[in-house]
Trainee: 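One structure is given below, represented as C-alpha cells, and several questions about it will come after.
Computed from a prediction, not measured in an experiment: that's the story for all the values here. Residue numbering restarts at 1 for every chain, and letters A, B, ... go by the order of the sequence lines.
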Amino acid sequence: MTTRTAKAIFLLGTLSSGLLFLVLTWDTHRQIGALTHADRLSDEVVAGKRAFEQHNCNDCHTMLGFGGYYAPDLTRVYSRKGEPYVRAVISDPDKVLAKSFRKMPHQRIGAVEMNSLVAFFKWTNEIDTHDWPPQDHKKPTSSEARRLVSAAPLSRGAALFKANGCFSCHKLGGVGGDAGPALDDVGSRMNAERIQEQIANSKAFKPDSVMPSYSQLPAEDLRAMAEFMSEQGGGR
Amino acid sequence: MIAYQSQKVSYAYFVVALLLFPLQVIVGLWLASNYAFTMPQGLVNVFPFATARAMHTNLLVLWLLLGFMGGAYYMIPEESRSELFSTKLAYLQLVLLVGAGVAALIGFIFGWTQGRPLLEIPFALDLVVVAGALLFLFNIGATIIRAKNWTVLQGTLLGGLVFLALLYLFGIPFYRNLSIDWYYWWWVIHLWVEGAWELVASALIAWVLMKITDVPRQVVEKWLYVIIGLFLFTGISGTGHHYYWLGAPKYWLWIGGIFSALEPVPIALMVWDTFRNVKERQGKIVNPVVWLFVVGCAVYHLIGAGVWGFLHTLPQINYYTHGSQVTVSHGHLAFFGAYALLNLTLFYYCFPQLKGFERFKQGAGTWGFWISGIAMMFLGLAFGVAGVLQAYLERILGLGFMNAQAQMQFWFKIAIGAGVIFLVGVLIMVVDLLALKPETAESG
C-alpha cells in the first residue's frame with residue numbers, strides 16, 4: 001500500500017461516515033419530537049428535569065439506561081411503581097427503604113419541586129424506547145404478574161389492588177415491596193370498614209406513616225379493595 | 001536528555017496526573033463498598049453514592065486529559081523541531097485546569113453540580129475548562145505554525161485535540177428534551193473515547209513506537225492514516241449504538257449495530273502494527289518496561305474496548321445488557337486498556353528523558369504492569385458476571401431491581417478484592433515513576 005492509498009482510505013472513511021452521521025442526525029431531529037411526545041414537554045416537565053439534575057439523581061439511577069447503575073432505572077418508574085410510591089420514596093427514603101440494603105439520600109424536596117419531578121417521570125414514561133427496558137415491557141413472566149393475571153378475573157378488588165400500586169410497598173403471598181407491612185393476614189386483624197378507612201387516610205391511625213392517602217379514589221373502589229384485603233386471613 | 005527545554009512542562013502535567021490516578025482508584029473502592037455493603041442512612045444523606053461516582057469519573061477524565069496534554073507538550077517540540085510557543089501559558093493552563101478540577105470535586109460534596117453523569121461540572125467551571133482548552137490549542141497550534149515543520153503525526157494529534165475541544169461544547173447547554181440531551185451527551189462521551197481520543201492515542205503511540213523502534217517515518221505515517229481512517233469510519237456512525245433505546249428512530253439499531261461491529265477492526269490493526277514495528281525495529285531495546293507497556297496497551301485496548309465492546313454492542317444483546325453491570329465491566333476494561341495504559345506508556349517513555357538518564361531500574365514497572373493489569377482483568381470479570389446475572393434475573397426473569405442486586409452481592413465483594421490489588425499495582429507504578437532512578441552498573 002502506498003501513502004497515497006492510505007490517505008485516500010482516511011479521507012473516504014472519515015467523510016463518508018461523518019456525512020451519514022450528520023444526515024441521520026438531521027433526520028432524528030425531524031422525528032424525535034413525535035417519538036418523545038415533545039408536545040407534552042411542559043414547563044413543569046422541564047422544571048422536573050432541572051430538579052432531577054440538581055439533585056444528581058442520575059449518578060445513582062439510570063435514566064433511559066444511562067447514568068449510575070446503583071439504583072433502579074427510572075425511565076418507566078411512573079408506571080412500574082405508581083405515583084404514590086414515587087412521591088413517598090422521594091420524600092421519606094429513610095422510612096420507605098428502611099428494610100432495603102441499599103439506601104437513598106434524604107433530599108428535602110418541596111411540594112412544587114415534587115410535582116415537577118413527578119411530571120417529568122410521567123413524561124419519560126411515554127418516550128418511545130423501542131420497548132426498553134425489557135423488565136417493564138416484556139410479556140408478563142414475573143411471578144407477580146402471573147399471580148395477578150390469574151386473580152384478576154376472580155375479583156375486582158384484587159385488580160384494583162394491583163392497579164393502584166399497592167404491591168410497590170406491601171407484600172402479598174411473598175410478592176411485593178417491604179416499605180409497608182405484609183398484608184397476608186390483614187383480614188384477621190381488621191374488618192373491611194376499618195381497612196377502607198386506613199387506605200383512605202393511613203395517618204389518622206399511625207401519625208408517622210408514610211403511606212399516601214387514597215381518599216381521592218371512588219368510594220366503591222376503596223370498598224372493593226378493602227373487601228379483597230379482608231379476605232386475606234393468613235390461612236385462617 | 002530532552003532536546004528542547006520547553007518539553008519540561010510536560011513533567012508537571014504528568015506528575016499531577018499520576019497523583020490523581022490513585023485518588024480515582026480509592027474513590028472507586030468506596031463505590032464498590034457501597035455496592036457490597038449497607039451504608040448507614042446518615043452517611044448516605046451527606047455523602048451519597050452519586051457524589052462519589054461524580055468524583056470517580058471526573059478524576060478519570062481529568063488525569064487522562066492531563067496525561068494527553070503533557071504528552072502533546074512533550075511530543076510537539078521534538079516533532080516540530082522547535083521550542084514551545086510559551087511555557088508560561090502552558091503552566092497557566094495547568095493551573096486553570098487543575099483549579100477547575102479541585103473546585104469541581106469539592107463542589108460535588110456540597111451539591112454544586114450540573115447533574116448530568118460524567119458532565120457534572122457546573123457551567124461556571126465549564127468556562128474555565130474552555131479557557132484552559134483554548135490556551136492549550138493556541139499554544140500547540142502556534143508552536144506548529146511557527147516551526148513550519150509539518151508532519152502527519154502532528155496533524156493527527158492536533159486534529160484529535162481540536163475535535164476533542166469542539167465536542168466538549170455540545171455537553172454545555174441545557175436541553176429541554178431529555179432524549180435530545182442524551183443524543184448530544186454522546187457526542188461528548190462516545191465521540192471522545194471512540195473518536196477524538198483515539199486520534200490522540202494513535203498519534204502518541206505511533207510516535208513513541210517510531211522513537212523506540214527507529215522504524216522509518218513514512219511507514220509509521222502510512223499506517224497511521226489507515227488506522228485513524230478506520231477509527232473515524234467505524235467510530236462516528238458507531239455512535240448509533242447509544243441511540244438504540246433513547247427515543248430516536250429505529251434505523252439507529254441498524255446503523256449502530258453494523259458500524260460498531262466493525263469498531264474492533266482498527267484496534268486489531270493497531271495491535272498488528274505494534275507487533276510489526278517491534279519485529280522490524282532498528283535499534284536495540286533500552287528499557288524493556290516501555291516495550292511491555294506499548295505492547296500491553298495495544299493488546300489490552302483490543303480486549304477491553306474491542307472485544308468487550310463488541311460483546312454487547314449488537315442490539316439483540318444490548319436490549320438486555322444496556323445500563324447494567326455489563327456496561328460497568330466494559331467501561332473499566334476499555335478505559336484502562338486504551339487510555340490509562342496509554343498514559344502510563346507515555347510516563348515510562350518520557351520520565352527517564354525528563355530526568356536526564358537513559359536506562360532505569362525495570363523491576364517495579366514490570367511488577368506494577370502485571371499486578372494492575374491482572375487485577376483489572378479480575379475486576380472486569382467480576383462486574384461482567386454480575387452484569388450477566390443482572391441481565392438474566394432482572395431483565396429476563398423479571399425479578400425486581402433490588403432482588404436481582406441481592407444475588408449479585410458476592411461479585412461486588414470480589415470486585416473490592418480485585419480493586420485493592422489494583423490499587424497496590426497502581427501505587428507501585430506511581431512511586432516508581434516519581435522516584436525513578438537510573439540503573440547503575442552494579443544493579444544492572
Trainee: Distance from A:Ile109 atom CD1 to A:Arg87 atom CZ, nearest 0.5 Å?
Mentor: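 Answer for the CD1-CZ pair, A:Ile109 versus A:Arg87, is 11.5 Å.
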Trainee: Is it the backbone or the side chain of A:Ile127 that comes under 4.5 Å from a heavy atom of chain B, or both, or neither?
Mentor: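 The answer is the side chain of A:Ile127.
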Trainee: Identify which of A:Gln107, A:Arg30, A:Met104, A:His55 forms the greatest number of heavy-atom pairs closer than 4.5 Å to chain B.
Mentor: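 The option with the most such pairs is A:Met104.
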Trainee: With a 6.0 Å cut-off (strictly less than), is the heavy-atom count around NZ of A:Lys99, excluding the residue itself, greater than 12?
Mentor: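 Check passes, neighbour count above 12.
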Trainee: Counting C-beta onward and ignoring hydrogens, is there a side-chain heavy-atom pair between B:Trp245 and B:Tyr319 closer than 4.5 Å?
Mentor: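 In short, these two side chains touch, coming nearer than 4.5 Å.
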Trainee: Side chain, backbone, both or neither: which part of A:Asp128 has a non-hydrogen atom closer than 4.5 Å to chain B?
Mentor: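 The answer is the backbone of A:Asp128.
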Trainee: Mark yes when over 12 heavy atoms from residues, nucleotides or ligands other than A:Lys95 sit less than 6.0 Å from its NZ; otherwise mark no.
Mentor: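 More than 12 within 6.0 Å, yes.
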Trainee: Have A:Arg76 and A:Thr129 got a donor and an acceptor in their side chains that come within less than 3.5 Å?
Mentor: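 There is such a pair (donor and acceptor under 3.5 Å, judged by atom type) between the side chains of A:Arg76 and A:Thr129.
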Trainee: Using only heavy-atom distances, determine whether the side chains of B:Gln325 and B:Tyr35 contain a donor-acceptor pair under 3.5 Å.
Mentor: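 Per modelled atom types, B:Gln325 and B:Tyr35 side chains form a pair under 3.5 Å.
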Trainee: Let's test your reading of the structure: which of A:Tyr70, A:Tyr69, A:Phe101, A:Trp123 forms the most heavy-atom pairs below 4.5 Å with chain B?
Mentor: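 Option with the top pair count is A:Tyr70.
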Trainee: Flag the one option from B:Phe174, B:Tyr243, B:Phe233 with the top tally of heavy-atom pairs under 4.5 Å to chain A.
Mentor: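 Option with the greatest count: B:Phe174.
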Trainee: Which atoms of A:Gln54 are under 4.5 Å from chain B, going by heavy atoms: the side chain, the backbone, both sets, or neither?
Mentor: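 Contact with chain B: backbone only.
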Trainee: If we define contacts as heavy-atom pairs under 4.5 Å, which of A:Ser16, A:Ala34, A:Pro72 has the most with chain B?
Mentor: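 The answer is A:Pro72.
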Trainee: Identify which part of A:Thr62 has an atom lying under 4.5 Å from any heavy atom of chain B, answering side chain, backbone, both or neither.
Mentor: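 A:Thr62 touches chain B through side-chain heavy atoms alone.
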Trainee: Against chain B, work out which of A:Gly67, A:Ala38, A:Ala8 has the most heavy-atom pairs shorter than 4.5 Å and name it.
Mentor: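 Of A:Gly67, A:Ala38, A:Ala8, A:Gly67 has the most heavy-atom pairs under 4.5 Å with chain B.
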Trainee: With respect to chain B, which residue among A:Thr28, A:Leu41, A:Leu97, A:Thr124 yields the maximal number of heavy-atom pairs within a distance under 4.5 Å?
Mentor: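 The answer is A:Thr28.
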Trainee: Under a plain distance cut-off of 3.5 Å, with no hydrogens placed, do B:Asn403 and B:Gln407 share a side-chain donor-acceptor pair?
Mentor: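 No, because no side-chain N or O of B:Gln407 sits under 3.5 Å from a partner of the opposite role on B:Asn403.
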Trainee: Output, in order, the C-alpha distance, side-chain angles, deciding distance and verdict of salt bridge (Lys or Arg N to Asp or Glu O under 4.0 Å) for B:Asp181 and A:Lys49.
Mentor: CA-CA 11 Å; B:Asp181 190 343; A:Lys49 182 175 183 283; 2.6 Å; yes
Trainee: Counting heavy-atom pairs under 4.5 Å with chain B, which one of A:Thr25, A:Leu12, A:Asp73, A:Thr5 comes out on top?
Mentor: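 Winner by heavy-atom pair count: A:Thr25.
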Trainee: Would you mind checking which part of A:Thr3 comes under 4.5 Å of any heavy atom in chain B, side chain (CB onward), backbone (N, CA, C, O), both or neither?
Mentor: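 Both backbone and side chain.
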